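These notes are about the structure you will find just below.
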Amino acid sequence: MDELITYAENTWCPGCGNFGILTAFTQAIERLEADGLARKDLAIVAGIGQHGKIFDYLKLNGFYALHGRSLATAQGMKLANPGLKIVVFVGDGDSYGEGVAHLVFAAKRNADLTVIVHNNGAYGLTTGQVTPTSRKGFRGPSTPRGSIEEPFNPLSLMLASGATFVARGYPVKLNHLTDLFVWAVQHEGFSVVDVLQPCVTFNNTYELYNNSVTELKVTPETFEDSMAAARRTDRLLIGVIRDVSAEPHHRQLLGDRRPAEDRRAGSDRMAAIRKTFG
Ligand SMILES: Cc1ncc(C[n+]2csc(CCOP(=O)(O)OP(=O)(O)O)c2C)c(N)n1
Ligand code: SF4
């Protein structure tokens, strides 16, 4: 087991929920590798933001994408090289705001990716502007008098979009979050783990979550029951909210073809072009 953490200086604020995500993910990788996952077959993608710094801290192959475009990049990587397991780290501003169309369509087509959302209810890196999951009344540089909008429920959105694996975790429940990451990566098809990530600087939700987070012990069997679990407001349920199987997008599109590996040599391609165009 090689060291997973790089030498890069960690610049997250002390107490940031991102530390728990990083630790749970490294624990998950250790378990997946013990179970046979080769590190060369794993790639990570990250958006831009506090969450994206995880790319610098993990000694893994991957691609540091643009803000809001990491899902598009990851889907391209998967189609070019279907043998890769791809994990995408996104922020709530990044994925539920700027890149929401990519997220919805990746879920709809069952792209075989794992998406880990660092959901801190704020645009952290740019100092705390409002995002689609900020609570009503949230104050930040873009809403100095408090947000007048209701947040949307990302789990309901993912379920309605057709996601085949939907979960929610909380970094304080570290080993539970590790389990969710392992199961999400093992899932074939689109998997998303929405992580309730406290941001101690712009949206400190530790007390709120410590008082309302409850583990869901059994995954609901029907879509309607999953939706009801996602929508609970009296308690915030963490756990696997939906887990069903369906043919992943790359297999529907390519069968067993692996474009990056099956690529023809330049001379063969030229011969085919000459044959076609005389
Ligand atoms: C296309 C584009 N729009 C805006 C920005 C500026 N920007 C960089 S990080 C960021 C906020 C990121 O917030 P979020 O995705 O919630 O992640 P967090 O920092 O909270 O982890 C923004 C708006 C950018 N880099 N690129
Ligand atoms: S500003 Fe918030 S999200 Fe960014 S490192 Fe600090 S606590 Fe974490």
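One-based numbering, in listed order, for ligands and for the atoms of each. Predicted, not measured: the structure shown is a model, and the values here were computed from it. Below, all heavy atoms of this structure are taken into account, side chains as well, without hydrogens, waters or symmetry copies.
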**OP:** Test ring pair (Phe, Tyr, Trp, His ring centres under 6.0 Å) on Y123 and F202 and set out the steps.
**Re:** CA-CA 9 Å; Y123 281 90; F202 300 114; over 10 Å; no

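For atom 8 (Fe) of ligand 2, the nearby protein N/O/S atoms, meaning those under 2.8 Å, are C16 SG.
We find that K136 and E149 are not joined by a salt bridge, their nearest charged nitrogen and carboxylate oxygen being 4.0 Å or further apart. In this structure, R251 does not pair ionically with D112, as no charged nitrogen and carboxylate oxygen lie closer than 4.0 Å. A salt bridge is defined here as a Lys NZ or Arg NE, NH1 or NH2 lying under 4.0 Å from an Asp or Glu carboxylate O, and E261 with R263 fails to meet this definition.
Among protein residues, I48, G49, Q50, H51, H67, G91, D92, G93, D94, E98, N120, A122, Y123, G124, L125, T126 come within 4.0 Å of ligand 1, judged on heavy atoms.
Residues N18 and I54 fail the side-chain proximity criterion, which asks for heavy atoms closer than 4.5 Å.
Taking Ile, Leu, Val, Met, Phe, Trp and Tyr as members and joining any whose side-chain heavy atoms lie under 4.5 Å apart, directly or through other members, the hydrophobic cluster of L236 also contains Y170, V172, L196, V200, Y206, L208, Y209, V213, I238. Under the 4.5 angstrom side-chain criterion for Ile, Leu, Val, Met, Phe, Trp and Tyr, the cluster partners of F277 are M270, I273.
H118 and D92 share no side-chain donor-acceptor pair at under 3.5 Å.
Listed here is the closest heavy atom pair of I241 and P220: O-CD, 3.4 Å.
F165 and W183 have their aromatic ring centers separated by at least 6.0 angstrom.
Taking every heavy atom of F202 and a limit of under 4.0 angstrom, the matching atoms of ligand 2 come to 1 (S).
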